[in-house]
Amino acid sequence: MITISGIKYQRELEKLPYFNKKTASILVGKSDWNLDKKIEQLRKKGYLINLKKGLYVTANYLNSQTDKSAYCQYIANFLCYPSYLSLEYVLSETNLIPQAVYIWTNVTNKTSREYKNSLGLFSYRNVKKSLFTGFIKKRVGKFRIVVASPAKALFDYLYLKRNLGADLKLEIREGLRINWLNFCQSDLRELAGYVYLSQSKKMEKMLKIIENIKKK
């Protein structure tokens, strides 16, 4: 527990999973240059953690979280808003790819970007607004997070994938190391809906290959 002085509403500040400078101004009791100076002081002492420019959490709040992964999933939705967890992170969590993923991978309808902080690396890839769908809200620990379904995570992964091998069939069957046994028929039907929505010739080719894989 880090002790600190000079904060007007310290207890209230430490209850927040994240806050911006406007909220900090109210709870710390300072504004303008004095607020910037206080925030920098609190950061140097390790009391404030910078999630991204202008967004913070207290070390005391973070240290009180017994499930850091749940918190990271939650905060991933807000570092770039709107966004949802998808791509390799969700594929790994749902056992569609065998490798562990240590980057919080997300999809947004804003420009692609990355944020790196003491919690790790948060990556955001852009899709057009018509494809910003296929996600659900679910509870992880005490947090409600926004996350892609397995089918949408796979669609996002294949849709955004660059530098696929010349032999597309071999790449999808083996090269990408996707566990097709864990991809069920209802997932396949859902995937087909996103492919239709995308109007992408590349995705239509991939869908036919995946359908053939699932027939065997």
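Atom set for the values below is all heavy atoms of this structure, side chains included, hydrogens, waters and symmetry mates excluded.
- Transitive grouping of hydrophobic side chains (ILVMFWY, heavy atoms separated by less than 4.5 Å) brings L91 and V101 into a common cluster.
- Using modelled atom types and a 3.5 Å distance limit, the side chains of K152 and Y84 yield a donor-acceptor pair.
- The aromatic rings of Y81 and F78 sit parallel, their planes meeting at an angle under 30°, below the 60° perpendicular limit.
- Neither V57 nor L35 shares a network with the other; the hydrophobic side chains, linked directly or stepwise wherever heavy atoms of I, L, V, M, F, W or Y lie under 4.5 Å apart, form separate groups for each.
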* Please step through side chain to side chain contact (heavy atoms under 4.5 Å, CB included) for the pair K161 and L164, ending with a clear verdict. => CA-CA 7 Å; K161 185 73 174 173; L164 288 166; 3.5 Å; yes
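- R125 and S123 form no side-chain donor-acceptor contact under 3.5 Å, judged by distance and modelled atom types alone.
- Side-chain atoms of Y61 and I49, non-hydrogen and from C-beta on, never get closer than 4.5 Å to each other.
- Atom NZ of K214 sits in a crowded spot, with more than 12 heavy atoms from other residues, nucleotides or ligands closer than 6.0 Å.
- Take D67 and apply the salt bridge (charged side-chain N to carboxylate O under 4.0 Å, His left out) test, not counting sequence neighbours, and it matches no residue.
- I209 and L170 fall into different hydrophobic clusters, defined by Ile, Leu, Val, Met, Phe, Trp and Tyr side-chain heavy atoms under 4.5 Å apart, directly or through other members.
- Remark: side-chain polar atoms of S92 are paired, donor with acceptor, to backbone N or O of Q99 under 3.5 angstrom.
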* To do: Show the numbers, then the answer: is there a side-chain hydrogen bond (donor to acceptor under 3.5 Å, both in side chains) between Q41 and K38?
  => CA-CA 5 Å; Q41 177 193 33; K38 188 63 176 180; 3.0 Å; yes
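- The CD atom of E88 sits 12.0 Å away from atom CG of L96, with the distance rounded to the nearest 0.5 Å.
- Judged purely by atom type and a 3.5 angstrom limit, Y9 has no side-chain atom pairing as donor or acceptor with the backbone of G29.
- Side-chain contact between I39 and N50 is absent, with no heavy-atom pair separated by less than 4.5 Å.
- Follow the hydrophobic side-chain contacts under 4.5 Å out from L51 and you never reach Y47; the two are in separate clusters.
- Within the 4.5 Å cutoff, the side chain of R177 has no heavy atoms near those of the I97 side chain.
- Listed by chain and number, the residues in a salt bridge (charged side-chain N to carboxylate O under 4.0 Å, His left out) with R43 are E40 (sequence neighbours excluded).
- When the side chains of ILVMFWY residues are joined at heavy-atom separations under 4.5 Å, either directly or via intervening members, L207 and Y159 end up in a single hydrophobic cluster.
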* Asked: Going through the distances and angles, do Y56 and Y18 end up as a ring-ring contact (aromatic ring centres under 6.0 Å, His included)?
  -> CA-CA 5 Å; Y56 313 93; Y18 65 92; over 10 Å; no
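- Contact of the K128 side chain with the F132 side chain is not registered, since no non-hydrogen atoms from C-beta on lie closer than 4.5 Å.
- Side-chain N or O atoms of N212 include one that pairs as donor or acceptor with a backbone N or O of K208 at under 3.5 Å.
- The CG atom of L13 sits 11.0 Å away from the CD1 atom of I26 when rounded to the nearest 0.5 Å.
- Formation of a donor-acceptor pair under 3.5 Å by the S83 side chain with backbone atoms of C80 is found in this model.
- The aromatic rings of W180 and F183 sit perpendicular, their planes meeting at an angle over 60°, well past the 30° parallel limit.
- Using modelled atom types, one finds a donor on one side chain and an acceptor on the other under 3.5 Å when comparing S86 with D156.
- Scanning for side chain to side chain contact (heavy atoms under 4.5 Å, CB included) contacts around R139 gives R144, with sequence neighbours left out.
- Contact check for F122 versus K52: no side-chain heavy atoms found under the 4.5 Å cut-off.
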